[in-house]
There are 2 protein chains.
Amino acid sequence: MGAILLEEHQEYLVKLRQTGLKNTRHRIKMLEILDNSPQPISADDIFVRLKEQDDRISLSTVYRSLEALVRNELVNKVSFDNDNRTTFELNRLQHHHFLVCIGCNKIITVEDCPIHEYEEEVSRTRGFEVIGHKLELYGYCSDCAPKHHFTHEH
Amino acid sequence: MGAILLEEHQEYLVKLRQTGLKNTRHRIKMLEILDNSPQPISADDIFVRLKEQDDRISLSTVYRSLEALVRNELVNKVSFDNDNRTTFELNRLQHHHFLVCIGCNKIITVEDCPIHEYEEEVSRTRGFEVIGHKLELYGYCSDCAPKHHFTHEH
DNA sequence: ATTCATGCAAACCGTTTGCACCCGA
DNA sequence: TCGGGTGCAAACGGTTTGCATGAAT
């Protein structure tokens with residue numbers, strides 16, 4: 001809900017300037033929306049929230065702006081097996097992974113990473129030079145696990 | 001190329017029967033194509049190869065058959081960040097991961113898995129009940145790594 | 001003034017669906 | 001025979017693009 005702090009607004013502005021991207025009607029708001037979202041969201045989600053504030057907005061602009069923000073590494077593109085839509089998150093420069101709840105589709109971000117040694121091992125033993133990786137765990141969150149067990153009890 | 005061994009053909013037949021799926025014009029061929037493919041392939045790839053042998057085939061049949069084969073766990077659905085198309089592989093009942101080459105798009109299957117303990121840890125510390133996971137490493141294969149280094153040398 | 005961004009509508013492309021016909025069990 | 005499978009064409013849904021206009025630097 002609440003208004004965005006001035007400092008945060010400034011921070012987004014600075015980031016935009018650094019990339020050379022223009023500070024247009026919607027971009028700061030897009031960054032705010034992404035920053036406030038507890039989990040990755042789709043282009044259409046962003047579009048809907050922008051439209052609440054200003055009717056003069058088109059979905060293609062959202063896609064084009066997201067593309068620019070991704071290209072400049074202010075935003076990450078994320079896709080899940082669960083969902084045909086691509087989703088986006090603010091790039092917080094913190095390596096992380098996701099727990100994807102197959103009960104309620106909630107996405108939980110986790111910041112520990114168990115596979116750095118594995119990357120080195122693969123590089124060493126297979127001659128495959130690892131640049132990055134993608135790890136997601138699928139299962140039931142603490143809300144859904146009990147329900148799931150209950151409905152499968154007998 | 002080469003003809004499929006009779007035993008393999010039989011094996012596919014048995015698997016189909018077990019599921020209750022009918023042995024139709026294309027299904028055995030689909031399983032053969034998937035079995036012979038060194039990496040996951042798209043519905044359209046399968047469609048093209050089927051069409052080489054028999055013109056009376058439609059893409060929607062390929063999608064519908066794949067859906068049935070996936071539902072009956074003879075085939076796995078796999079998607080990569082690289083590619084908007086969904087791909088499919090024969091289900092060999094062997095847990096594995098992929099190395100995805102961002103140079104030539106080659107997909108390499110690897111059968112060791114570094115994160116079983118991590119799954120337990122997540123279950124224990126976060127109350128998230130892990131059912132499965134998805135891990136892919138992105139980078140350069142042994143063919144592409146040298147080229148990549150060469151073109152970025154100075 | 002110049003370059004980049006935008007709105008709108010139309011195109012795109014992978015995938016799904018409705019329907020009449022076909023065919024394997 | 002009967003229920004699932006198929007071909008074809010049309011629909012779908014997320015995403016991209018062409019083009020003329022508008023706005024940021």
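Quick caveat: nothing in here was measured; it's all calculated off a predicted structure.
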Quiz prompt | salt bridge (charged side-chain N to carboxylate O under 4.0 Å, His left out) pairs, two or more places apart, involving residues 83-102 of chain A | solution = Asp35(A)-Arg92(A), Asp45(A)-Arg85(A), Asp83(A)-Arg85(A)
Quiz prompt | Sequence neighbours excluded, every pair satisfying salt bridge (charged side-chain N to carboxylate O under 4.0 Å, His left out) that has a member inside residues 48-64 of chain B | solution = Arg25(B)-Asp54(B)
Can you give me every donor-acceptor pair (side chain of residues 97-105 of chain A, partner residue at least two apart or in another chain, under 3.5 Å) with its distance?
{"residue": "His97(A)", "atom": "ND1", "partner": "Leu135(A)", "partner atom": "O", "Å": "3.3"}
{"residue": "His97(A)", "atom": "NE2", "partner": "His95(A)", "partner atom": "NE2", "Å": "3.3"}
{"residue": "His97(A)", "atom": "NE2", "partner": "His133(A)", "partner atom": "NE2", "Å": "3.3"}
{"residue": "Asn105(A)", "atom": "OD1", "partner": "Asn82(A)", "partner atom": "ND2", "Å": "3.4"}

Exercise. Would you mind reading off the bend of the helix from dA1(C)-dT25(D) to dA25(C)-dT1(D) from its two end axes, five pairs each, to 10 degrees?
Key: 40°
Quiz prompt | Residue pairs fulfilling ring pair (Phe, Tyr, Trp, His ring centres under 6.0 Å) with at least one residue in residues 32-67 of chain A, sequence neighbours excluded | solution = none
Atom [atom1] of [X] to atom [atom2] of [N]: distance rounded to whole Å?
X: Leu66(B); N: dG5(D); atom1: CG; atom2: C1'; value: 14 Å
X: Arg27(B); N: dC23(C); atom1: CZ; atom2: P; value: 15 Å
X: Ile57(B); N: dG5(D); atom1: CD1; atom2: P; value: 14 Å
X: Asp55(B); N: dG7(D); atom1: CG; atom2: C1'; value: 12 Å
X: Lys29(A); N: dA5(C); atom1: NZ; atom2: P; value: 18 Å

Taking only residues two or more places apart in sequence or in another chain, which ones pass side chain to side chain contact (heavy atoms under 4.5 Å, CB included) with [X]?
X: Glu111(B); answer: Gln94(B), His96(B)
X: Asp81(A); answer: Tyr138(A), Ser79(B), Lys134(B)
X: Glu121(A); answer: Tyr118(A), Arg124(A), Thr125(A), Asp112(B)
X: Thr19(B); answer: Leu21(B), Asn72(B), Leu74(B)

Quiz prompt | Counterpart residues, salt bridge (Lys or Arg N to Asp or Glu O under 4.0 Å), relative to Asp44(B) (two or more places apart) | solution = none
Practice problem: Flag the pair Val78(A) / Thr87(A) as yes when at least one side-chain heavy-atom distance between them is below 4.5 Å, and no otherwise. | Solution: yes
Which atom pairs link the protein and nucleotides 21-25 of chain D when you take only N or O atoms and keep those under 3.5 Å?
{"residue": "dA24(D)", "atom": "N3", "partner": "Lys22(A)", "partner atom": "NZ", "Å": "3.4"}

Quiz item: Measuring from Ile28(B):CD1 to Asn23(B):CG, what's the distance to the nearest 0.5 Å?
Solution: 4.5 Å
Exercise. Return no unless some side-chain N or O of Thr61(B) is found under 4.0 Å from OP1 or OP2 of dG7(D).
Key: yes
Extract from the structure each pairing of a protein N or O with an N or O of nucleotides 13-20 of chain C at less than 3.5 Å, listing the distance.
{"residue": "dT15(C)", "atom": "OP1", "partner": "Thr86(B)", "partner atom": "N", "Å": "2.9"}
{"residue": "dT15(C)", "atom": "OP1", "partner": "Thr86(B)", "partner atom": "OG1", "Å": "3.0"}
{"residue": "dT15(C)", "atom": "OP2", "partner": "Tyr63(B)", "partner atom": "OH", "Å": "2.3"}
{"residue": "dT15(C)", "atom": "O5'", "partner": "Tyr63(B)", "partner atom": "OH", "Å": "3.1"}
{"residue": "dG18(C)", "atom": "O6", "partner": "Arg64(B)", "partner atom": "NH1", "Å": "3.3"}
{"residue": "dG18(C)", "atom": "O6", "partner": "Arg64(B)", "partner atom": "NH2", "Å": "3.1"}

